[in-house]
Amino acid sequence: IFTKFDLMISTKESDGKYFAEAKVLEAGEVVYEIEPLHSPRCCYLEKYELGQRAKQKAIDWLDENYPDWKNPGAYWD
């Protein structure tokens with residue numbers, strides 16, 4: 001079962017820093033992007049945690065704007 005909304009989380013490493021981005025997709029189209037997060041590169045755990053913070057920011061936006069977003073039958077007009 002699919003919902004109308006999906007999250008796309010990406011992390012990368014550049015110039016001695018980790019970067020994380022999150023996008024909210026509605027039926028495959030980007031409807032929201034968080035400001036990229038970054039932190040100094042130190043260990044893989046930091047990269048993972050940065051990705052989790054980015055994901056949570058996207059989820060918070062969905063919860064605020066589409067509170068029933070996890071419901072597969074919701075928001076399909």
Show the nearest heavy-atom pair for residues [X] and [Y], with the distance to one decimal.
{"X": "A58", "Y": "A22", "answer": "CB-CB, 4.0 Å"}
{"X": "E46", "Y": "P40", "answer": "CG-O, 4.1 Å"}
{"X": "A20", "Y": "T11", "answer": "CB-CG2, 3.9 Å"}
{"X": "L25", "Y": "K23", "answer": "CD1-O, 3.8 Å"}

**OP:** Could you check if a side-chain atom of S14 sits within less than 4.5 angstrom of a side-chain atom of F19, using non-hydrogen atoms only?
**Re:** yes
Original post:
Sequence neighbours excluded, which residues qualify as salt bridge (charged side-chain N to carboxylate O under 4.0 Å, His left out) partners of E26?
Top reply: K4
Original post:
Who else is in F5's hydrophobic cluster (ILVMFWY, side-chain heavy atoms under 4.5 Å, direct or via others)?
Top reply: L7, I9, Y18, V24, V31, Y32, I34, L37, L50, I59, W61, L62, Y66, W69, Y75
**OP:** Before giving the answer on side-chain contact (heavy atoms from CB on, under 4.5 Å), spell out for E49 and L45 the whole-Å C-alpha distance, their side-chain angles and the decisive distance to 0.1 Å.
**Re:** CA-CA 6 Å; E49 289 174 355; L45 182 59; 3.6 Å; yes
**OP:** Tell me, please, which residues at least two apart from E13 pass side-chain hydrogen bond (donor to acceptor under 3.5 Å, both in side chains).
**Re:** R41
**OP:** Determine yes or no for a side-chain-to-main-chain donor-acceptor pair under 3.5 angstrom, with N71 supplying the side chain and G73 the backbone.
**Re:** yes
Subject >> Spacing of NZ belonging to K12 relative to NZ belonging to K47, to within rounding of 0.5 Å >> reply: 11.0 Å
Subject >> CZ on R53 to OG on S39, rounded to 0.5 Å >> reply: 6.5 Å
